[in-house]
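Note that ligands are numbered from 1 as they come in the structure, with each ligand's atoms numbered from 1 the same way.
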Amino acid sequence: MFSLFKKKQQAKLLTEIDKNNLPRHVGIIMDGNGRWAKRRGLPRSAGHSAGAAVLKNITEFASEMGIRYITAYAFSTENWKRPKAEVDALMDLLLDYLKDKKLLEGNQVRLKFIGDRSALTEEIREQMAIAEEESKDRDKTILYLAINYGGQQEVAKAVRSLCKEVKEGTLNPDDINETLIGDRLYTEIPDVDLIIRPSGEYRLSNFLLWQSAYSEFWFADICWPDFTEKHFTKAILDYQNRNRRFGGV
Ligand code: FPP
């Protein structure tokens, strides 16, 4: 009954969208989980759990809408500075998320990851590989989870790789251009068209620095766990009303 009602509501929202002018790639900074939990007298980890459930819901809805790529910021290279209990809770949540066989089940959503996996536990790395393998034939939407990801670190990684090629004599430094750098980033997909950040913060926080050169931004005052399909639809509608010139006139 509830899901029928939800489906109807979603279908109504989808009619508002121009399917011919969708952002190909949407980035989401899932911010405000801690504040959401604190306001309810709950531990911060409860905010992250609620946030993970919202990500699943929004991904399914975005896929229904026809969004091809989503990148969600789940854990930054700077998040290790948080109290150990919170880092552990986030890693446990990630593990549960990956092991959840119902995750995005029934949808055509493929799961991939960006970020430095080397600092993650072997169990998490294994589950990431399994999730990637098990979803590899789904082709409607790709959800990239950014885990131990930092935009500056990503560019540094690309530069290191280019320097090695120069040192080995296979690359002329004069040939280094945006394409060669872009090819050595984690993302193998189009640059991000729209970045959504809730919770009233107006910054990029080391998210997709290179790929956001011409992104549109959408901010809202609500915390991520309160983010609904309605907010997502509003973000897309606002995006569709923007005039993207990419430096032209
Ligand atoms: C920032 O909000 C959020 C994070 C650092 C983690 C985001 C992670 C999730 C939503 C869980 C997703 C996990 C999976 C497994 C997909 P904050 O806690 O810094 O919020 P605050 O600014 O209110 O403290």
Side-chain angles (χ1 to χ4, degrees), residues 26-63 69-105 107 109-117 119-121 123-132 134-135 141-151 153 186 195-208 218-228 231-232:
V26 177
I28 305 177
I29 302 178
M30 304 183 287
D31 198 13
N33 302 334
R35 276 163 284 169
W36 180 91
K38 194 172 169 210
R39 279 178 207 148
R40 284 162 178 76
L42 298 168
R44 291 177 58 82
S45 57
H48 296 313
S49 299
V54 169
L55 177 63
K56 180 176 183 296
N57 191 38
I58 293 298
T59 301
E60 287 171 356
F61 180 63
S63 180
Y69 306 106
I70 301 166
T71 303
Y73 210 3
F75 193 88
S76 77
T77 42
E78 287 71 36
N79 285 153
W80 297 107
K81 290 185 219 155
R82 295 188 174 210
K84 184 174 179 307
E86 184 171 345
V87 171
D88 288 349
L90 274 166
M91 292 298 154
D92 286 348
L93 183 62
L94 173 63
L95 208 48
D96 288 348
Y97 204 77
L98 295 174
K99 285 182 176 170
D100 177 6
K101 294 294 165 214
K102 289 206 178 68
L103 181 70
L104 309 173
E105 197 181 70
N107 287 280
V109 178
R110 179 172 181 181
L111 203 53
K112 286 191 161 201
F113 304 92
I114 57 170
D116 177 6
R117 301 186 193 200
L120 305 172
T121 64
E123 188 182 15
I124 291 182
R125 279 185 275 143
E126 249 175 49
Q127 289 299 327
M128 285 162 88
I130 292 172
E132 280 178 328
E134 285 184 348
S135 66
T141 299
I142 304 182
L143 170 63
Y144 280 86
L145 282 182
I147 295 169
N148 195 25
Y149 172 85
Q153 290 79 352
Y186 291 117
I195 294 183
I196 294 174
R197 180 167 196 161
S199 96
E201 309 285 357
Y202 302 89
R203 44 177 186 269
L204 208 41
S205 301
N206 208 9
F207 182 57
L208 299 179
W218 194 85
F219 299 106
D221 273 342
I222 38 126
C223 291
W224 173 248
D226 288 328
F227 193 92
T228 64
H231 297 112
F232 191 79

R35 heavy atoms, cut-off 4.0 Å: which ligand 1 atoms fall inside? 21 (P), 22 (O), 23 (O)

L55: numbered ligand 1 atoms lying under 4.0 Å from its heavy atoms: 16 (C)

Closest protein heavy atom (residue, atom, distance) for [atom]:
atom	result
atom 12 (C) of ligand 1	M30 CE, 3.8 Å
atom 6 (C) of ligand 1	A74 O, 3.4 Å
atom 11 (C) of ligand 1	H48 O, 3.7 Å
atom 2 (O) of ligand 1	D31 OD1, 3.2 Å
atom 5 (C) of ligand 1	N79 OD1, 3.4 Å
atom 10 (C) of ligand 1	N33 ND2, 3.2 Å

Under 4.0 Å between a Lys/Arg side-chain N and an Asp/Glu carboxylate O for [X] and [Y]?
X	Y	result
R125	E132	no
E123	K99	yes
E86	R44	yes
E201	R197	no

Report yes if [X] has an N/O atom closer than 3.5 Å to an N/O atom of ligand 1; otherwise report no.
X	value
A52	no
R44	yes
L93	no

Test side chain to side chain contact (heavy atoms under 4.5 Å, CB included) applied to I28 and F207, W224, Y73, the passing residue: W224

Side chain, backbone, both or neither: which applies to R82 and ligand 1 if a contact is any heavy-atom pair less than 4.0 Å apart? side chain

Region of E201 engaging ligand 1 - heavy atom pairs below 4.0 Å: neither

If you compare all heavy atoms of W36 against all heavy atoms of G47, which two are closest, and at what distance to 0.1 Å? CE3-CA, 3.7 Å

Do we see a donor-acceptor contact under 3.5 Å between the side chains of S199 and R35? yes

Will you find, in the side chains of T228 and H231, an N or O donor that is under 3.5 Å from an N or O acceptor? yes

Of I29, L90, L94, V54, the residue with the heavy atom nearest atom 15 (C) of ligand 1 is L94

A side-chain contact here means heavy atoms from C-beta on lying under 4.5 Å apart; do V26 and I195 qualify? no

